[in-house]
Every structure is written in structure tokens, then in C-alpha cells.
Amino acid sequence: TTRPLHVVHVTAEMAPLAKVGGLGDVVTGLSAASLRRGHAVDVILPFYECIDKRQVGDLRLDSSFQSPTSGGGTVTFEAWRGIIEGVPVVLLKPLESSLFRGSAIYGGGYNETQAYLIFSRASLEFMVRTGMQPDVIHAHEWQGSPVPMLFWELFSSRMPAARPVLTIHNMDNTGECRQDEFEATGVPGELFASVDKALDERTIGHNPERLCLLKGGIIYSSAVTTVSPTYAKETLTGGGAGFLQSTLARPEVASKYVGILNGIDSLTWNPATDPFLPACFSSRVPEGKALCKAYLQRGLGLEEDPDKPLVAVISRLVPQKGIHLMEHAAVHT
């Protein structure tokens with residue numbers, strides 16, 4: 001058995017408070033599962049203006065602090081602590097700023113690149129200022145990718161036991177970033193402007209050359225994971241990573257890159273107990289499934305026919321989601 005670890009997630013999403021896609025579900029499910037195995041977990045995410053604070057239990061102001069930003073300035077943050085689905089969370093709220101304002105998590109009218117650069121630096125500042133000594137700093141997607149970059153350049157001596165891990169949930173968004181934009185972290189982007197760090201190879205020779213935050217997170221993390229072994233293979237050999245394939249294929253990167261199959265939170269997604277279904281069902285009591293099917297057919301204006309097959313999915317219509325597999329299964333069944 002392994003000793004208990006302290007894991008700190010730095011993420012843009014966490015279900016149900018701030019959920020746009022699967023990232024939010026994974027962070028909540030993984031954190032809850034880690035807690036059940038005896039590990040200590042904290043999740044740090046932005047205090048978006050649009051969130052429903054009633055979804056956070058025991059929400060209270062913990063502290064305020066300043067985080068460096070461009071031009072020698074600082075951004076003042078409030079750190080709010082609470083509980084979401086049994087998991088301790090820290091919500092970082094920037095004051096006197098338009099960051100994370102608006103009616104949506106993404107596209108809320110603020111500069112997302114600037115916002116997540118500042119948030120990444122503030123997350124590390126919060127850990128240091130509160131005396132956290134995590135074993136694992138688990139960053140997610142391009143939004144959290146500056147965390148491992150800044151960790152090794154500025155913070156590793158103050159959290160000597162910590163090691164950064166990056167999980168890539170979707171390669172479609174890589175976090176393009178001008179070098180001068182990176183200064184929002186209080187660190188000049190030129191520090192990372194080489195091919196073996198975070199330089200975006202697509203911009204070599206351009207004026208100006210740019211950074212790729214996801215690439216920087218990959219290079220600087222001690223381990224890199226993605227959502228399944230199959231997806232890891234697709235990104236290494238099948239073109240799934242686009243221009244980042246060459247980065248993932250480097251021997252020193254490939255040796256630390258692994259696909260871990262996303263699990264299902266069987267407590268939340270349990271049709272036998274789900275209060276949002278018109279009728280519950282299980283393998284032992286299957287009758288409710290027929291009622292759910294009839295309810296959906298009626299709601300969609302379809303003919304109510306128990307003998308007609310029905311497939312329903314809420315998803316982006318992209319090959320990554322396996323939509324084509326449904327057609328294949330229907331044709332070959």
C-alpha cells in the first residue's frame with residue numbers, strides 16, 4: 001500500500017459548480033475517489049462570477065493575498081474555502097479586476113489567456129502562503145499548464161516534495177500565447193521561448209514567435225496523463241495531437257506520458273437512484289427503463305414505440321466522442 005498523499009488540483013472546471021464538459025466531472029470524481037482511498041485533496045479553481053454559490057457547502061472567506069503580474073504589479077485575490085460533493089475546494093476571486101466576470105465560465109467577456117495565466121500564478125502563491133506542502137500538484141488542460149512551468153522556475157524550492165502532473169482531456173485547445181502575454185504571471189515569456197520548452201513550432205521564423213501553454217505544461221510536468229490508453233496511442237501515432245505529436249514523441253516525454261481510462265462515477269450516474277430520471281431502474285428492476293424511453297420519445301415528439309431502438313446522447317458531435325461507433329453498432333447488429 002502507498003502512503004497517503006496530499007494532492008492539489010488546479011483546474012478551470014469542477015462539477016457541478018463550474019462544468020462545461022467532461023473535465024469538471026473528472027476532477028470531482030477523481031478527487032472524491034482519492035479521498036475515499038485515504039488521500040488528502042484540495043481543488044483550486046476560479047471564483048467565476050456566474051457560479052451558483054449555493055452549490056458550495058460551508059463557503060467562507062479564508063484569506064486575501066497579492067499575486068505578481070506584469071509590469072511589477074500585483075493582483076489582489078480573496079481565497080474562499082468550501083466543500084463541493086464532499087471535496088475541499090478553494091475558490092480564488094480576483095478583486096478590482098474584470099477577470100472571470102460575466103454570465104458564462106468561458107467566453108464571459110474577459111481575456112481567457114490572461115485570466116488563466118494570472119490564476120495559475122495565484123494558485124501557486126496561495127499554496128506557498130498558506131504553508132501547503134503537497135505531494136502532487138495536478139494541473140488540467142491548457143488553463144493549468146502554466147502551473148508546472150512556474151513551479152519549476154519559481155516555486156520548487158519552497159515545495160520541495162511536490163511534483164507537477166498534467167492531465168490532457170482534449171488536445172483541440174492548446175493555449176496559444178504571445179510571449180508578452182505570459183508576463184501576466186510576473187515572469188517574462190522569453191524564459192520559455194525555445195523549442196525544448198514552450199515555443200510553438202508553428203510560429204518559428206514569424207514575428208513575433210509565440211508560446212504554446214499546453215506544450216510547456218507537457219515539457220515541465222513530471223508526469224503527463226490523458227483520458228485513455230487508446231487516446232494516448234492516437235495522439236502519439238494517429239495524428240490526434242496535431243503539431244504536438246512531435247513533442248509527445250520525444251523519448252523523455254513519451255516515457256512519462258500514459259493514458260489512464262476515465263472511470264464513471266457510479267454514485268452520481270446510477271439509474272437506480274438518480275432523482276432526475278422520470279423512473280429509476282436497475283438490472284434487477286428494469287421496468288423503469290421502458291418508462292424512461294417512452295418519456296423521452298414523447299418529449300422529443302417521436303412515436304412512442306417500445307420496439308423501436310432509441311439512442312440518446314448529450315455530446316459534441318465530433319469523432320473523439322465516438323459518435324461514429326453508434327452508427328457502426330446499429331448497422332452491424
Side-chain angles (χ1 to χ4, degrees), residues 11-16 18-33 85 105-106 140-142 166-174 214 224-245 248-249 254 257-333:
T11 176
E13 297 183 33
M14 183 182 185
K19 176 187 171 179
V20 175
L23 167 62
D25 290 317
V26 171
V27 170
T28 303
L30 178 58
S31 298
E85 300 290 315
I105 292 174
Y106 303 131
H140 296 266
E141 299 286 60
W142 72 265
L166 174 69
T167 293
I168 305 169
H169 302 260
N170 182 1
M171 287 279 188
D172 289 345
N173 300 308
T174 59
L214 190 60
V224 181
T225 74
T226 193
V227 295
S228 75
T230 302
Y231 190 52
K233 184 177 179 180
E234 290 173 357
T235 55
L236 280 170
T237 61
F243 80 99
L244 285 175
Q245 180 176 331
L248 293 171
Y257 180 48
V258 61
I260 301 173
L261 187 64
N262 273 352
I264 296 174
D265 185 339
S266 58
L267 298 177
T268 300
W269 303 106
N270 183 356
T273 58
D274 194 333
F276 297 103
L277 293 177
C280 290
F281 60 90
S282 68
S283 58
R284 290 191 294 272
V285 186
E287 292 78 14
K289 190 172 185 179
L291 291 172
C292 288
K293 178 179 178 179
Y295 182 88
L296 184 58
Q297 287 175 324
R298 185 184 310 164
L300 294 176
L302 302 174
E303 178 189 358
E304 287 186 47
D305 187 340
D307 297 320
K308 280 190 176 180
L310 177 66
V311 177
V313 61
I314 300 172
S315 174
R316 290 181 294 123
L317 297 178
V318 295
Q320 181 189 14
K321 297 297 184 181
I323 305 299
H324 60 292
L325 299 178
M326 297 182 197
E327 181 183 12
H328 179 85
V331 171
H332 294 86
T333 299

Audit row: Val313, Met326, side chain to side chain contact (heavy atoms under 4.5 Å, CB included) steps and yes/no: CA-CA 10 Å; Val313 61; Met326 297 182 197; 3.8 Å; yes
Side chain to side chain contact (heavy atoms under 4.5 Å, CB included) between Val27 and Glu13, intermediate numbers included: CA-CA 8 Å; Val27 170; Glu13 297 183 33; over 6 Å; no
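Taking both residues in full, the closest heavy atoms of Ala241 and Leu248 are given as CB-CD1, 3.7 Å, listed atom of the first, atom of the second, then distance. Taking every heavy atom of both residues into account, Leu261 and Ser228 meet most closely at CD1-CB, 3.6 Å. In terms of heavy-atom proximity, Ala18 sits nearest to Ala12 at CB-O, 4.3 Å. Closest non-hydrogen pair, Asp305 versus Asp307, comes out as OD1-N, 2.8 Å. Pro229 and Gly259 make their closest contact through CG-O, 3.4 Å (heavy atoms, listed as atom of the first residue, atom of the second, distance).
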Would you mind writing out the side-chain donor-acceptor pairs for residues 166-173 within the sub-3.5 Å range, not counting sequence neighbours?
unit_1: Thr167; atom_1: OG1; unit_2: His138; atom_2: NE2; d: 2.6
unit_1: Thr167; atom_1: OG1; unit_2: Thr225; atom_2: OG1; d: 2.6
unit_1: His169; atom_1: NE2; unit_2: His140; atom_2: ND1; d: 3.0
unit_1: Asn170; atom_1: OD1; unit_2: Asp172; atom_2: N; d: 2.9

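Atom NZ of Lys19 and atom CD1 of Ile105 lie 11.0 Å apart (nearest 0.5 Å). From Gln245, atom CD reaches atom CD of Glu234 across 11.5 Å, with rounding to the nearest 0.5 Å. Going from atom SG of Cys292 over to atom CD of Gln297 covers 11.5 Å, rounded to the nearest 0.5 Å. Going from atom CG of Leu296 over to atom CG of Leu302 covers 7.5 Å, rounded to the nearest 0.5 Å. To the nearest 0.5 angstrom, Glu85 atom CD is 8.0 Å from Asp265 atom CG. Asp274 CG to Thr268 OG1: the interatomic distance, rounded to the nearest 0.5 Å, is 9.0 Å.
The ring pair (Phe, Tyr, Trp, His ring centres under 6.0 Å) search around His328 returns His332, not counting sequence neighbours.
Side-chain atoms of Pro271 and Leu277, non-hydrogen and from C-beta on, do get closer than 4.5 Å to each other.
Within 6.0 Å of CD1 in Ile264 there are 12 or fewer heavy atoms belonging to other residues, nucleotides or ligands.
Judged by distance alone, with hydrogens and angles left aside, the side-chain atoms of Lys293 form a donor-acceptor pair with the main-chain N or O of Lys308 at under 3.5 Å.
The ring pair (Phe, Tyr, Trp, His ring centres under 6.0 Å) contacts involving residues 261-298 comprise nothing, where partners must be two or more places apart or lie in separate chains.
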